[in-house]
Amino acid sequence: IEIGEEKTMSLFTTPAALGVTEEEIDSPTGTYGVPEFGTNFVRQMLVDTKPKTFSELIRISGLSHGTDVWTGNAQELIRNKVTNLSGAICTRDDIMLYLISMNLEPKHAFFIMEAVRKGKGLKPEDEEEMRAHNVPEWYIESCNKIQYMFPKAHAVAYVTMAFRIAWFKVYYPKEYYTTYFSIRAGDFDYELMCQGREKVLHTMKELDQKKEQEKLSAKENGMYTVLQMCNEMYCRKIRFLPISLYESDATKFMVREDGILPPLNSISGLGDNAAQSICEERQKKEFFSKDEILERTKLTKTNLEVLERCGCLAGMSQSSQMSLF
């Protein structure tokens, strides 16, 4: 975490760490694709809180995993400057440690924490004891709104993992995007995503229109997330290479010096088994015709048409038969 920590940390408040602008990727943060911090909900939390330290990221993780901890609670307190991120209740542990610091008896502080984190709220005697020790009214009200709280230890584990991935996103972008797209292969479409940034932006605009009409399917929603990552990657001057019948892997994106090579299954409709059958057969011998590909692999005619449309079969004849006349 010490290596490049400052630049990586800035990823959570600005996309400048990636060498792109907010306008280019349509986000004031650079956390697309970073676990725990990539959703619209948590990215808005980053905008509202503007974290500057690793410990503040842990607090945000606690807020995002709780129920009625952020929305209608800490969010309003921070926006109205009643408190800041460091002073808000974010994880279970915060309650007990804060109350002990206000000189409540440790055992009582523990039982208050247990009641609040389970959504049971405060008893009248709890509130009376807290007021007697000068605990602010907003803090008492905040405790009574909470329905569930995340443990700090879990938040630390989640953020440590997320920060490591964010570090790779900043310093090893090709490897990062290669891994991300391989994991999200089910939402990837070569013809929509590998034809340049303009095609990506056009597709996103079409999906935005469907989203406004509330007609976006679950698959299209997943595709939209991947399109956001493709746009970001293009803005970082990284490109997809043309898919190759002989060089592309069956299911994994691969790092190359001049870009990222998509796998065969990134072509819509061409499943893992069909892609794997191509890889197995090409190791045995070269394909001499389109008919031969159909005979030796698990591809359908529709798959073959898409491969041809993507330029994978350029110069290949339909049949291996020779004409004598």
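The figures that follow rest on heavy atoms only: side chains count, while hydrogens, waters and symmetry mates do not. Bear in mind that the values here come from a model prediction, so they are computed numbers and not experimental data. The chain is numbered in sequence order, starting from 1.
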(message) If we ignore hydrogens and angles and just use 3.5 Å, is the side chain of Asn80 paired with the main-chain N or O of Glu76 as donor and acceptor?
(response) yes

(message) Quick check against the 3.5 Å criterion: does Thr160 have a side-chain atom that pairs as donor or acceptor with the backbone of Val156?
(response) yes

(request) Could you give me the CA-CA distance, side-chain angles and deciding distance for Gln44 and Asp48, then say whether side-chain hydrogen bond (donor to acceptor under 3.5 Å, both in side chains) is met? (result) CA-CA 6 Å; Gln44 185 58 52; Asp48 288 340; 3.1 Å; yes

(message) Looking at every heavy atom in both Arg282 and Ser244, which two are closest together, and how far apart are they?
(response) NH1-O, 4.3 Å

(request) Run the ring-centre check on Phe253 versus Phe181 and record whether the distance is less than 6.0 Å. (result) yes

(request) Check each of Phe188, Tyr190, Tyr177 against Phe240 using the ring-ring contact (aromatic ring centres under 6.0 Å, His included) test, and report the only one that passes. (result) Phe188

(request) State plainly whether the residues Arg131 and Glu128 are in salt-bridge range, i.e. N to O under 4.0 Å. (result) no

(message) If you take the centroid of each ring, where Trp contributes its six-membered ring, are Tyr98 and Tyr139 closer together than 6.0 Å?
(response) yes

(request) Taking all heavy atoms of Pro263 and all of Ile243, pick out the closest pair and write down the distance. (result) O-CD1, 3.0 Å

(message) Check whether Tyr224 forms a cation-pi arrangement with Lys211 (NZ or CZ under 6.0 Å from the six-membered ring centre, at most 45° off the ring normal).
(response) yes

(request) Treating Ile, Leu, Val, Met, Phe, Trp and Tyr as nodes and any side-chain heavy-atom pair under 4.5 angstrom as an edge, say whether Tyr180 and Trp167 lie in one connected cluster. (result) yes

(request) Look at the side-chain heavy atoms of Ile, Leu, Val, Met, Phe, Trp and Tyr, link any pair under 4.5 Å apart, and say whether Val170 and Tyr172 land in one connected group. (result) yes

(message) Check whether Lys219 reaches the backbone of Gly186 with its side chain - one donor and one acceptor, N or O, closer than 3.5 Å.
(response) yes

(message) Determine whether Ser27 and Arg43 satisfy the following criterion, side-chain hydrogen bond (donor to acceptor under 3.5 Å, both in side chains), listing intermediate values before the conclusion.
(response) CA-CA 8 Å; Ser27 174; Arg43 283 189 291 112; 3.3 Å; yes

(request) Could you pull out the closest heavy-atom pair between Asn231 and Glu24, with the gap in Å? (result) ND2-O, 2.9 Å

(message) Hydrophobic clusters here meaning ILVMFWY residues chained together by side-chain heavy-atom distances under 4.5 Å, can you tell me if Leu270 and Leu294 are in one?
(response) yes

(message) Using every non-hydrogen atom in the two residues, find where Met9 and Lys52 come nearest and quote the distance to one decimal.
(response) CG-O, 3.7 Å

(request) Let me see the working for His202 and Glu198 under side-chain hydrogen bond (donor to acceptor under 3.5 Å, both in side chains), right down to the final yes or no. (result) CA-CA 6 Å; His202 178 73; Glu198 291 305 315; over 6 Å; no

(message) Can you confirm whether more than 12 heavy atoms, excluding those of Lys298, are under 6.0 Å from its NZ atom?
(response) no

(request) Check whether the ring centres of Phe163 and Tyr158 lie less than 6.0 Å apart, and answer yes or no. (result) no

(request) Treating Ile, Leu, Val, Met, Phe, Trp and Tyr as nodes and any side-chain heavy-atom pair under 4.5 angstrom as an edge, say whether Val116 and Val69 lie in one connected cluster. (result) yes

(message) Is there a path of hydrophobic side-chain contacts, each under 4.5 Å between heavy atoms, that joins Trp70 and Tyr148?
(response) no

(message) Quick check with a 6.0 Å cut-off and a 45 degree axis cone: is Lys7 positioned over the face of Tyr171's six-membered ring?
(response) yes

(request) Work out which heavy atom in Val47 is nearest to a heavy atom in Lys50; give both atom names and the distance. (result) O-NZ, 2.9 Å

(request) Compare every heavy atom of Thr31 with every heavy atom of Thr29, then report the nearest pair and how far apart it is. (result) OG1-OG1, 3.0 Å

